[in-house]
There are 2 protein chains.
Amino acid sequence: MKRRNTPTKEAVLNILTESGKAMSQDAIERKIAIDINRATIYRVLNRFCDDGVLHKVVAEDGKQYFALCNGCDETHQKHQHFHFKCKVCETIECLPSEVNFSIPEGYLVENVNCVLTGVCDTCS
Amino acid sequence: MKRRNTPTKEAVLNILTESGKAMSQDAIERKIAIDINRATIYRVLNRFCDDGVLHKVVAEDGKQYFALCNGCDETHQKHQHFHFKCKVCETIECLPSEVNFSIPEGYLVENVNCVLTGVCDTCS
DNA sequence: TTATAAAGGCGACATCGTCGCATTACTTAG
DNA sequence: CTAAGTAATGCGACGATGTCGCCTTTATAA
Ligand SMILES: [Mn+2]
Ligand SMILES: [Mn+2]
Ligand SMILES: [Zn+2]
Ligand SMILES: [Zn+2]
């Protein structure tokens, strides 16, 4: 299963790089120049997640948002940082703040999904 | 808008009290004795959330889970504790571990949604 | 250039949560 | 106790989301 380079991959990655935020499929589709099928965008995004290029966040709206892995922990496959979703501008960004928690004996944590919702600095 | 006492309300609250976990609409519908419409269950749950009886958690599957407010923040605005979802038994529970974070200047946090996913002690 | 298989387009599907509207039933005033 | 007022419910429908199957297209290497 070797990856191939396609215009779609490149376009999606460019959008996410330029924005610097976590974006949903529909936001990417709206922002992207070329016309890409919805299912294809999801497949591209999920492939990037599998390859450790992106990571996925599920917000309170139940939607999936995808962001570049900048300094994410690759060895543990965890992205243990907080995310912030502004309810005004609707953008989601990765916060530098790390997630720290304690769990009961015998529990095994495999993934972390932490989203704070509110108003960002530019919107307040 | 005064609340009324109905068999539906009571049944839903009983289910959630007995389980002691956070439950989704479909799980409640499956567990409940009487037959209640899907939309009605959601309306009951959302009303309970408005009244501060329940709180809502969105898991990585994008679904909403509802749990009793036991010792939640008295303002009923924030429920700043972690939640754990076992990928084996699919149950979600409220953890005692509080959510602590630092946020950039000018940001205002209004809600917290933190879900850890993995395997619980009974399933491991 | 050609064979191989990864990637994309398209349609379909299941799920989830909400809404509008007509009906039911809880509450309370009388 | 009865009846009016209105909260709550049932039902159908809807839009949004994410995935899958199948066939076609295309990137890549032999
Ligand atoms: Mn992130
Ligand atoms: Mn909780
Ligand atoms: Zn904002
Ligand atoms: Zn379990």
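Only heavy atoms go into these numbers, but all of them, side chains included; no hydrogens, no water, no symmetry mates. Residue numbers start from 1 in every chain, and the chains themselves are labelled A, B, ... in the order their sequence lines are given, proteins ahead of strands.
- Here the P atom of nucleotide D:dG18 and the NZ atom of A:Lys56 are 8 Å apart, to the nearest Å.
- The CG atom of A:Asn111 sits 11.5 Å away from the NZ atom of B:Lys85 when rounded to the nearest 0.5 Å.
- For residues 8-37 of chain A, the set of pairs meeting the ring-ring contact (aromatic ring centres under 6.0 Å, His included) definition, not counting sequence neighbours, is empty.
- Taking atom CG on A:Asn46 and atom P on D:dT17, their separation rounds to 15 Å, with Å as the unit.
- Sorted by first and then second residue, the ring-ring contact (aromatic ring centres under 6.0 Å, His included) pairs with a member in residues 9-44 of chain B form an empty list; sequence neighbours excluded.
- OP1 or OP2 of D:dT26 has not a single side-chain nitrogen or oxygen of A:Asn5 nearer than 4.0 Å.
- A:Val115 forms part of a hydrophobic cluster together with A:Val57, judged by ILVMFWY side-chain heavy-atom separations under 4.5 Å.
- For DNA chain D, no neighbouring residue in residues 19-30 of chain B is found when judged by any heavy atom under 4.0 Å.
- Other residues, nucleotides and ligands contribute over 12 non-hydrogen atoms within 6.0 Å of the NZ atom of A:Lys9.
- Taking 4.0 Å as the cutoff to heavy atoms of chain B, we find the contact window on DNA chain C bounded by C:dC16 to C:dT28.
- Here the P atom of nucleotide D:dA16 and the CD atom of A:Glu90 are 14 Å apart, to the nearest Å.
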Stepwise side chain to side chain contact (heavy atoms under 4.5 Å, CB included) test for A:His81 and A:His55: CA-CA 11 Å; A:His81 54 267; A:His55 64 281; 3.4 Å; yes
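- No hydrogens or angles considered: nothing links the side chains of A:Thr117 and B:Glu110 as a donor-acceptor pair under 3.5 Å.
- Here D:dG18 presents its P atom at 7 Å from NZ of A:Lys63, a figure rounded to the nearest Å.
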Between the protein and nucleotides 9-11 of chain D, which nitrogen or oxygen pairs come in under 3.5 angstrom?
{"unit_1": "D:dT9", "atom_1": "OP1", "unit_2": "B:Thr6", "atom_2": "OG1", "d": "3.0"}
{"unit_1": "D:dT9", "atom_1": "OP1", "unit_2": "B:Thr8", "atom_2": "OG1", "d": "3.2"}
{"unit_1": "D:dT9", "atom_1": "OP2", "unit_2": "B:Arg47", "atom_2": "NH1", "d": "3.3"}
{"unit_1": "D:dT9", "atom_1": "OP2", "unit_2": "B:Arg47", "atom_2": "NH2", "d": "3.0"}
{"unit_1": "D:dG10", "atom_1": "OP2", "unit_2": "B:Asn37", "atom_2": "N", "d": "3.1"}
{"unit_1": "D:dG10", "atom_1": "OP2", "unit_2": "B:Thr40", "atom_2": "OG1", "d": "2.9"}
{"unit_1": "D:dG10", "atom_1": "N7", "unit_2": "B:Arg43", "atom_2": "NH2", "d": "3.1"}
{"unit_1": "D:dG10", "atom_1": "O6", "unit_2": "B:Arg43", "atom_2": "NH1", "d": "3.4"}
{"unit_1": "D:dG10", "atom_1": "O6", "unit_2": "B:Arg43", "atom_2": "NH2", "d": "3.2"}

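- Here the straight-line distance linking atom CG of B:Leu95 with atom CZ of A:Phe101 works out to 9.5 Å at 0.5 Å rounding.
- Taking the ring centroids of A:Phe48 and A:Phe66, they lie at or beyond the 6.0 Å cut-off.
- Atom CD1 in B:Ile34 sits roughly 15 Å away from atom P in D:dA8 (whole-Å rounding).
- Across all strands, A:Asp61 comes closer than 4.0 Å to no nucleic acid atom at all (heavy-atom distances).
- Interatomic distance, OG of B:Ser102 versus CZ of A:Phe82, reported as 8.5 Å (0.5 Å rounding).
- Closest approach of B:Lys21 to B:Leu16, counting heavy atoms only: O-CD2, 3.9 Å.
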